[in-house]
K.L.:
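There's a structure below that I have some questions on.
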Amino acid sequence: MATTQTHHSVHITHKDHDLDSLQVLPDSYQWVQPDLFPSLQQHSTPLSDTLPLIDLSLPDAPDLIGKALRTWGSFQIINHGVPLSLIHAAQSSAIDLFALPTPYKLKASRTPGTFPGYGIARINSFFPKRMWSESFTIMGSPLEHFRHLWPHDYSKRCDIMAEYDRELKSLCGRLMWIALSELGITREDINWAGPNEDFKTCNAATQLNFYPACPDPDRAMGLGAHTDTTLLTVLHQNNTRGLQILREGRQWVTVEPVAGALVVQVGDMLQIVSNGLYKSPFHQAVVNRTQKRLSVAYLFVPPENVEMSPHKKLLNPTQPPLYRPISWTDFIRIKSNNFDGLSCIRVDVKDEKQVKVG
Ligand SMILES: C=C1C[C@]23C[C@H]1CC[C@H]2[C@@]12CCC[C@@](C)(C(=O)O1)[C@H]2[C@@H]3C(=O)O
Ligand SMILES: O=C(O)CCC(=O)C(=O)O
Ligand SMILES: [Fe+2]
């Protein structure tokens, strides 16, 4: 069961395992599925569904996106405008990074209490066992870290990541307006989209995730089930399966890799703004015996210190706000101690009648 207790540090030290070199799965990696989804066992009829794949260049895209957001909280897109060459360049930097000798990677480790750098996922602290993965987080410029990793070759790689950030930020801005207009929210209704109303004042992190081939994949977990603390997450996975999304709280559905496609997911902050009409789906990444897997996730978050709240256009006496206003900075702090962050900011049922709507 995921608890608020920290089981072990999320900072890698030289004593940690080099996953590539292990022939058997150590006990510390033998995953215990948390008791988070009790209904998973009760339903034996499979939902024979696949995640919607939407062509962003077609006129019916907004309508299809609206439907996918209300049901899955996720979809894949093609013809999204992000150059494939750029996606591949980012991916190949990630491949090079994780292939570096461990001492190099450790020189670029996350410092405690901060997000950027090399290490293991923040959510590891909520689970009793270790996850079969490594990650590198970029927030702002990766220059200081990249200088350690590639002393002679960091500048070109910084440029690629800066370009990736620009392209993905502009895609996220487009997707935000589609998601909001499907709820009847227009440009006049949002005061935190920035001077050009393109959400460029939002922040973002690019997370490189690496899952080495695993000697005992059925008993291991790449990245445990979680929801993202974002408005939107836009993810590219290489051609190896692994990402699974929890459908209707009752079945894990594998997201099939589609060349050049990007997976879009609702994060907790958009669940708050949409007052629960869009839900951030639980997702996890499983591993396999023969292939290494790589994903590049773009985590798009609200501007700093701006409170997000259920949008007033969505509220009425029968639909009161479900969450109290909160900034990303305060919410990520809550989530660092609580696995289920949203339940901490839910407006109590008994208080609901007293909340003024308008
Ligand atoms: C912008 C973000 C979002 C973060 C924190 C910060 C930088 C790294 C992100 C992730 C990426 C991997 C899953 C996650 C759960 C994790 O452990 O680190 C994410 C987390 C969150 O969504 O809460
Ligand atoms: O590797 C994946 O497919 C999932 C990554 C993920 O969930 C994340 O980075 O937040
Ligand atoms: Fe995630």
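These numbers come from the heavy atoms of this one structure, side chains and all, not from hydrogens, waters or symmetry mates. Read the numbers this way: they start at 1 and go in the same order the structure lists the ligands and their atoms. Numbers here are sequence positions counted from 1.
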K.L.:
What protein heavy atom lies closest to atom 6 (C) of ligand 1? Include the residue and the distance to one decimal.
P.N.:
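Atom 6 (C) of ligand 1 sits closest to the protein heavy atom Phe115 CD2, 3.8 Å.
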
K.L.:
Measuring from atom CG of Leu168 to atom CD of Glu163, what distance do you get when rounded to the nearest 0.5 angstrom?
P.N.:
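One gets 10.5 Å once the value is rounded to the nearest 0.5 Å.
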
K.L.:
Do Ile78 and Val234 share a hydrophobic cluster, counting only Ile, Leu, Val, Met, Phe, Trp and Tyr and linking them when any side-chain heavy atoms are less than 4.5 Å apart?
P.N.:
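No, Ile78 does not connect to Val234 through the hydrophobic network.
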
K.L.:
If you apply the rule side-chain contact (heavy atoms from CB on, under 4.5 Å), what do you find for Phe300 with Cys202, and how did you get there?
P.N.:
CA-CA 7 Å; Phe300 184 71; Cys202 282; 3.5 Å; yes

K.L.:
Give the atoms of ligand 1, by number and element, whose distance to some non-hydrogen atom of Trp328 is under 4.0 Å.
P.N.:
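Going through ligand 1 atom by atom, the ones under 4.0 Å from Trp328 are 1 (C), 2 (C).
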
K.L.:
Report every pair formed by an N or O atom of ligand 2 and a protein N or O atom separated by less than 3.5 Å, giving atom names and the distance to 0.1 Å.
P.N.:
unit_1	atom_1	unit_2	atom_2	d
ligand 2	1 (O)	Tyr211	OH	2.6
ligand 2	1 (O)	Arg293	NH1	3.2
ligand 2	1 (O)	Ser295	OG	2.7
ligand 2	3 (O)	Arg293	NH1	3.4
ligand 2	3 (O)	Arg293	NH2	2.8
ligand 2	7 (O)	His226	NE2	3.2
ligand 2	7 (O)	His283	NE2	3.0
ligand 2	9 (O)	Asn209	ND2	2.9
ligand 2	10 (O)	His226	NE2	3.4
ligand 2	10 (O)	Asp228	OD1	3.3

K.L.:
Can we say Arg70 and Glu182 salt-bridge, meaning some charged N sits less than 4.0 Å from an Asp/Glu carboxylate O?
P.N.:
no

K.L.:
Which of the atoms in ligand 1, numbered in the order shown and given with their element, are less than 4.0 Å from a heavy-atom of Ile123?
P.N.:
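Here the atoms of ligand 1 in question are 15 (C), 17 (O).
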
K.L.:
Could you tell me the residue and atom name of the protein heavy atom closest to atom 13 (C) of ligand 1, and the distance to it rounded to 0.1 Å?
P.N.:
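Nearest neighbour among protein heavy atoms for atom 13 (C) of ligand 1, to 0.1 Å: His226 NE2, 3.8 Å.
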
K.L.:
Which protein N, O or S atoms sit under 2.8 Å from the Fe ion (ligand 3)?
P.N.:
His226 NE2, Asp228 OD1, His283 NE2

K.L.:
Please work out whether any backbone atom (N, CA, C, O) or any side-chain heavy atom from C-beta onward of Phe126 is under 4.0 Å from ligand 1, and answer side chain, backbone, both or neither.
P.N.:
neither

K.L.:
Got an N/O contact under 3.5 Å between Gln207 and ligand 1?
P.N.:
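Gln207 vs ligand 1: no N/O contact under 3.5 Å.
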
K.L.:
Among Thr206, Thr233, Asp165, Thr230, find the one that has a side chain to side chain donor-acceptor pair (under 3.5 Å) with Tyr298.
P.N.:
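Passing option: Asp165.
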
K.L.:
Give a yes/no verdict on a cation-pi contact between Lys129 and Phe127, requiring under 6.0 Å between NZ or CZ and the six-membered ring centre and an angle within 45° of the axis.
P.N.:
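No - Lys129 does not lie over the ring of Phe127 by the 6.0 Å and 45° rule.
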
K.L.:
Any atoms of ligand 1 less than 4.0 Å from a non-hydrogen atom of Asp228? List them with their elements.
P.N.:
22 (O)

K.L.:
Does Arg122, backbone or side chain, put an N or O under 3.5 Å from an N or O of ligand 1?
P.N.:
yes

K.L.:
Does the separation of the ring centres of Tyr118 and Phe136 fall below 6.0 angstrom?
P.N.:
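No.
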
K.L.:
Please walk me through it: do Trp252 and Phe282 pass ring-ring contact (aromatic ring centres under 6.0 Å, His included)?
P.N.:
CA-CA 9 Å; Trp252 289 109; Phe282 271 97; 7.6 Å; no

K.L.:
Flag the pair Pro83 / Glu167 as yes when at least one side-chain heavy-atom distance between them is below 4.5 Å, and no otherwise.
P.N.:
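Yes, their side chains come closer than 4.5 Å.
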
K.L.:
Counting only non-hydrogen atoms of the protein, does one fall under 4.0 Å from atom 21 (C) of ligand 1?
P.N.:
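True for atom 21 (C) of ligand 1.
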
K.L.:
What do the steps show when you test Arg157 against Ser93 for side-chain hydrogen bond (donor to acceptor under 3.5 Å, both in side chains), and what is the final call?
P.N.:
CA-CA 7 Å; Arg157 295 179 191 272; Ser93 262; 3.2 Å; yes

K.L.:
Numbering the atoms of ligand 1 from 1, which are under 4.0 Å from a heavy atom of Thr229?
P.N.:
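Those qualifying, in numeric order: 21 (C), 22 (O), 23 (O).
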
K.L.:
Do Leu231 and Phe75 belong together in a cluster built from hydrophobic side chains that touch within less than 4.5 Å?
P.N.:
yes

K.L.:
Taking the six-membered ring of Trp31 as reference, does the cationic atom of Arg219 (NZ for Lys, CZ for Arg) lie under 6.0 Å from its centre and within 45° of its axis?
P.N.:
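Arg219 over Trp31 ring: no.
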
K.L.:
Indicate, with yes or no, if the rings of Trp132 and Tyr29 have centres closer together than 6.0 Å.
P.N.:
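Close enough - the centres of the two rings lie under 6.0 Å apart.
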
K.L.:
Identify, by atom number and element, the atoms of ligand 1 in contact range of Ile332, meaning under 4.0 Å from any of its heavy atoms.
P.N.:
23 (O)

K.L.:
For Trp177, does the six-membered ring have the charged nitrogen or CZ of Arg187 within the cation-pi criterion, i.e. under 6.0 angstrom from the centroid and within 45° of the normal?
P.N.:
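Flagged: Arg187 positioned over aromatic ring of Trp177.
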
K.L.:
Can you tell me the protein heavy atom closest to atom 9 (C) of ligand 1 and the distance?
P.N.:
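Ranked first by proximity to atom 9 (C) of ligand 1 is Leu299 CD1, 3.8 Å.
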
K.L.:
Any chance the rings of Tyr154 and Trp150 have centres within less than 6.0 Å?
P.N.:
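No: the rings miss the under 6.0 Å criterion.
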
